[in-house]
*Asks:* 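Shown below is the structure under consideration.
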Amino acid sequence: MNIHYEFPLEEVGYSFGFLDEYAKKEVRRTILKAICIPGYQTPYASREMPMGRGFGTGGLQLTLALIGPDDTLKVIDQGSDDSVNAVNLRQFVQLTCPGVGVTEKLEEATLIQSRHRIPEVALTEAQVLVLQVPYPDPLVVVESSEARRKIMHAEADYSRLLVKLYEDIVHFDEITISHRYPTRINRHYVIDPSPIPRWDVPKLDQSPALILLGAGREKKIYAVPPYSVAEPLVFDDVPFRVEDFRDEHGQRRACARCGAINSFLDEYSDDNNAKIYQCSDSAYCDGQLAQHQQREVKG
Amino acid sequence: MSNRILEVRGLSRIYGHGCPLCVESTGPENDTNICPHCSSVVAVHGVSFDLFRGEILGIIGESGSGKSSTVKMLYFDDAPTEGEAIFFDNGERHELFQRNAAQQRSLRNKRFGMVYQNPHLGLNFQVSAGGNIAERMLMSDVAHYGEIRRRAQELLLRTEVLPERMDQNPKTFSGGMQQRVQIAKALVTRPPLLFLDEVTTGLDLSVQAAILDLILEIQQELDTAMIVVTHDLGVIRLLAGRTLVMKYGRVIEAGLTDQILEDPQHAYTQRLVASNL
Amino acid sequence: MQPVLIVEGLAKEFFLHEQRETIPSCSNVTLESREGKLTAIVGPTGAGKSSVLKCIYRTYQPSTGRIIFRDQAGQWLDLARADEHQMLRLRQREIGFVTQFLSCLPRKSALDIVAEPLVASGVHRTAARARAGEMLARLAVPQRLWGVPPATFSGGEKQRVNLARGLISRPRLLLLDEPTASLDPGTTDLAVKLIEALKEDGVAMIAIFHQPDLVRRLADDVVELAPPMAVKGSIRECLS
């Protein structure tokens, strides 16, 4: 794809941001409603996008409805800015939103669309995070009827979800959910926070940035408004734990590239089949590396 | 303060669109509960009774007499076409059928207990026996894992389910054991009112005796009021202080259980007793 | 001394719908029962002796007549018309009934069966068991049987368990329907001693005895019944 290609004005078949104005208006109204009822899965008429469902069409519709010419966009896929999915989505936005800036640096971005991760560095009030969601309803594992799920949400009855956690502890001595950890927003609705790891769940709590979640295939939008309470579902006496990345000696593993010991690590195998660990958030890793190099230069 | 816990007045349930002649053309005198004019089924009509704290009330009748329907309405499994029921709980007065769906569910989950004849209605076979009990506790906002484990263990011990089976799925249990888990599940919130719908039907005699024994002990221990629905006169004799006899949706006789069994007044009850004992 | 119970013009007849027949059981019974006194009902078979007790206990619904009972609080009420809940309360606290047969839950031990009325009236289980043990000992039920369900007991042993259960809660009015029917002379003497002790305690009793000498030994009053007509018995007996 030639990213420098521009539609001749008279041939532009699409308005700014690919979606037509009515679609954007609807998504924006849905966003407003979602913010008003934190954690509530607001239904909307998800549009067909020129890509398969499951490639982030929900997140993309949110991004396209929100983005303006003075925005700077950062797209992340599992922490990385340069994986195929992230690159393609970024190029699509650049193609359909002429004049919009893109960046890989978190601090420069006003709008961040992400899949499976929340950036390591805390977001600011000026930023909006859009998360792509495959399965919006956390109750789907315990109740197949949507009508009954709606009642359970309305009454904040999550006992059956908790029974699932109870069974986990009974059979495995701990809660085995690694990602998509059910999280309660403002003490009522429990959301599926998209497939972010447990590591990222605490970042939802009291987040200065607005967090929007969009499920294109399931046609739902929900929000964690700034400074909302976000509590992972737990028992009083079984506290929520994030990944600790300890090795067999109980030592915290460090990133093999930048040496960070307080980031979420991905596991790789090197050429000798030995396991190595690296920051999952590539922009963060780059930033740490740059700082080290600066210090070395100064030193 | 009165010890009354439940007051039921004129409870009725008609399946079908009904017609003005439904009530007068059905009932024991007409020997049917199906209206000959509109084919509606008059399942329950004009059932009234009081229930006191810690009392066991029996409802007896053959299948189709409306005994189970009566209990199902009180447990909100079904809605009556007419009638009212008032539940007195800690000085509060709940008009059961005036409450909204959420309040009804809350009463059902926290203040009532139900043990069905069919364990599949009362138990969740996706989770372990302990998980079933945990579910009801979690509904009542107990969120302490250790506490849940302890109380589930205690109750299963009380209902004589082996502790090592607590973490197994109840579908691997015998029928009697499934009934015990159901009873434990119903009791975990210490409800003041418990419904038992043919709980011993289909179990062999020694298991029946054990379950009845358990029910009586629990009633003495927790002072739980119970409504026991059965077609088995033996169950009524052992459990209930008072009994209603139902036929074609009507209560045809009500009285002390030993009086119903030894000095029945109604022709149908006399026949029932004579054929059963 | 005020009477605990006054029965006036009591009659009971059964109407059998199937047979379209009315069967009289007892008629025009009048008696009184006082604290610490035993009233014996005598009469030939079929005179309706048991029916009188059952009417008082409301196992039978009396056809005519009044059964006036003075309760603990000194209130008078007509048992023939008392509401069922009142009746259940009285049975639990004030009126006891010992029949000829033991009817109880199948799996329970003899000790628990005897303790049951106490537990039901609020006594703690361990205390109730202790008193049940005393009672069984006084009726010479061997200790090795206490933990066993009475289903396998001999008739005499069963009856002793039944008697122990009936006498343990010390009601204000006790109805005894041939309580010593299947007991040997030795045990009968033990039972007589227990009944005498209850009398001294102020329990009012109405009793039917199989043996005439017991009437002589225990009764303060004797009421003689004549058979109202031919047939006697509960509906169950008539139908079977």
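Model, not experiment: these values are computed from the prediction. Every chain is numbered from 1 and lettered A, B, ... according to where its sequence line falls, protein lines coming before strand lines.
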*Asks:* Heavy-atom pairs under 4.5 Å with chain A - which of B:S106, B:A101, B:A134 has more of them than the others?
*Replies:* B:A134

*Asks:* Going by an N to O cut-off under 4.0 Å, is there a salt bridge joining B:E154 and B:R150?
*Replies:* yes

*Asks:* Between A:L165 and chain B, with a heavy-atom cut-off of 4.5 Å, which part of the residue counts as in contact: side chain, backbone, both or neither?
*Replies:* neither

*Asks:* Kindly assign one of parallel, tilted or perpendicular to the pair B:Y145 and A:Y166, based on the angle between their ring planes and the thresholds 30° and 60°.
*Replies:* tilted

*Asks:* Check each atom of A:D157 against the heavy atoms of chain B and say whether the ones under 4.5 Å are side chain, backbone, both or neither.
*Replies:* side chain

*Asks:* With B:D89 as reference, evaluate B:R111, B:R53, B:R4 under the salt bridge (Lys or Arg N to Asp or Glu O under 4.0 Å) test and give the passing residue.
*Replies:* B:R111

*Asks:* Just checking B:F195 against B:Y116, ring centres under 6.0 Å apart?
*Replies:* no

*Asks:* Sort B:M166 into side chain, backbone, both or neither according to what part of it lies under 4.5 angstrom from a heavy atom of chain A.
*Replies:* side chain

*Asks:* I'd like to know which of B:M137, B:Q126, B:R149 tops the heavy-atom pair count under 4.5 Å against chain A.
*Replies:* B:R149

*Asks:* Under a 4.0 Å threshold between the charged nitrogen and the carboxylate oxygen, would A:K164 count as salt-bridged to A:E167?
*Replies:* no

*Asks:* Heavy-atom distance under 4.5 Å to chain B: side chain of A:V238, backbone, both or neither?
*Replies:* side chain

*Asks:* Between A:H153 and A:Y189, what is the ring plane arrangement, given parallel below 30°, perpendicular above 60°, and tilted in between?
*Replies:* tilted

*Asks:* Identify which of B:G146, B:S140, B:S128, B:G130 forms the greatest number of heavy-atom pairs closer than 4.5 Å to chain A.
*Replies:* B:S128

*Asks:* Can you tell me which portion of B:R105 sits under 4.5 Å from chain A's heavy atoms? Options are side chain, backbone, both or neither.
*Replies:* side chain

